[in-house]
Amino acid sequence: QKEVEQNSGPLSVPEGAIASLNCTYSDRGSQSFFWYRQYSGKSPELIMFIYSNGDKEDGRFTAQLNKASQYVSLLIRDSQPSDSATYLCAVNRDDYKLSFGAGTTVTVRA
Amino acid sequence: NAGVTQTPKFRILKIGQSMTLQCTQDMNHNYMYWYRQDPGMGLKLIYYSVGAGITDKGEVPNGYNVSRSTTEDFPLRLELAAPSQTSVYFCATRGGTYEQYFGPGTRLTVT
């Protein structure tokens, strides 16, 4: 079992719709969870982090964490063409390291 | 404040050649990391450092070496380059919490 698994995608959504990205992780001891956005040919950029169960909202982005189910998700509301990118889920592996999922590619159709 | 810088941006190596990928940060972060990213794959950790003079292996260290003589610099050395090392290499730093910040990357091709 991979440490961090994401929907393989690609995920295509119309402009203005909600994009929903899912991530599961294997280590019950993980405490910190991150979403990175990566445009084609660019480096990953941190967009959200969440440490506690529940929802965390930042602008059009909402991260949701359920530690009992070992599940973290990212919702992108009112999706824009500029949201077209690959989204990487990351989970802390220990005090020093993160484990990354393979990413979900999102395409927003105008 | 440049954050994390990496040089070169692109490089083509012949099999068996060696090179050093440079990474410099101006955020005064103790933790630094080297990752590789292959097409359609996630980030794989090569080496990391928790401070000057301290380095440790990640998931895929074979064929690479690192050193950390200063807080700012964390070079990655490739010895005897192989086609399997064709990848995009990212350097990252981390401050007091877990989130990591990435440099722009180096795209390496070994032929």
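Per chain, numbering begins at 1; letters A, B, ... match sequence-line order.
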By a 4.5 Å heavy-atom criterion (distance strictly below it), what part of [X] contacts chain A: side chain, backbone, both, or neither?
X	result
B:Y98	both
B:F102	both
B:L43	both

- Message: For A:D95 versus B:R94, what's the shortest heavy-atom pair and its separation?
- Response: O-NH1, 2.6 Å

- Examine whether an atom of A:F34 lies under 4.5 Å from a heavy atom of chain B, and if so say whether it belongs to the side chain, the backbone or both; otherwise answer neither.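 Looking at A:F34, just its side chain touches chain B.
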
- Under 4.5 Å to a heavy atom of chain B? For A:L46 that would be side chain

Tell me whether [Y] is reachable from [X] by hopping between hydrophobic residues (I, L, V, M, F, W, Y) whose side-chain heavy atoms are closer than 4.5 Å.
X	Y	answer
B:Y48	B:V88	yes
B:L45	A:Y96	yes
B:L78	B:M32	yes
B:F74	B:Y101	no

- Query: By number, which residues in residues 35-45 of chain A have some heavy atom less than 4.5 Å away from chain B?
  - Reply: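 Result: A:Y36, A:Q38, A:G41, A:K42, A:S43, A:P44.
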
- Is there any residue in residues 71-92 of chain A with a non-hydrogen atom under 4.5 Å from a non-hydrogen atom of chain B, and which ones are they?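 Under the 4.5 Å heavy-atom cut-off, A:L88, A:N92 qualify.
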
- Message: Non-hydrogen contacts under 4.5 angstrom with chain A: give the residues of residues 104-111 of chain B involved, or none if there are none.
- Response: B:P104, B:R107

- Note on the structure: Checking heavy-atom separations under 4.5 Å from chain A, one finds in residues 49-71 of chain B B:V50, B:E59

- Hey, does B:Y35 have a side-chain heavy atom less than 4.5 Å from the side chain of A:F100? yes

- Rounded to the nearest 0.5 Å, how far does CG of A:L98 lie from CD of B:E99? 9.5 Å

- Any chance CD1 of B:I12 has more than 12 other-residue heavy atoms, nucleotides or ligands included, within less than 6.0 Å?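 Check fails, neighbour count at 12 or below.
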
- Task: Check the surroundings of atom CG in B:N28: do more than 12 heavy atoms from other residues, nucleotides or ligands lie under 6.0 Å from it?
- Result: no

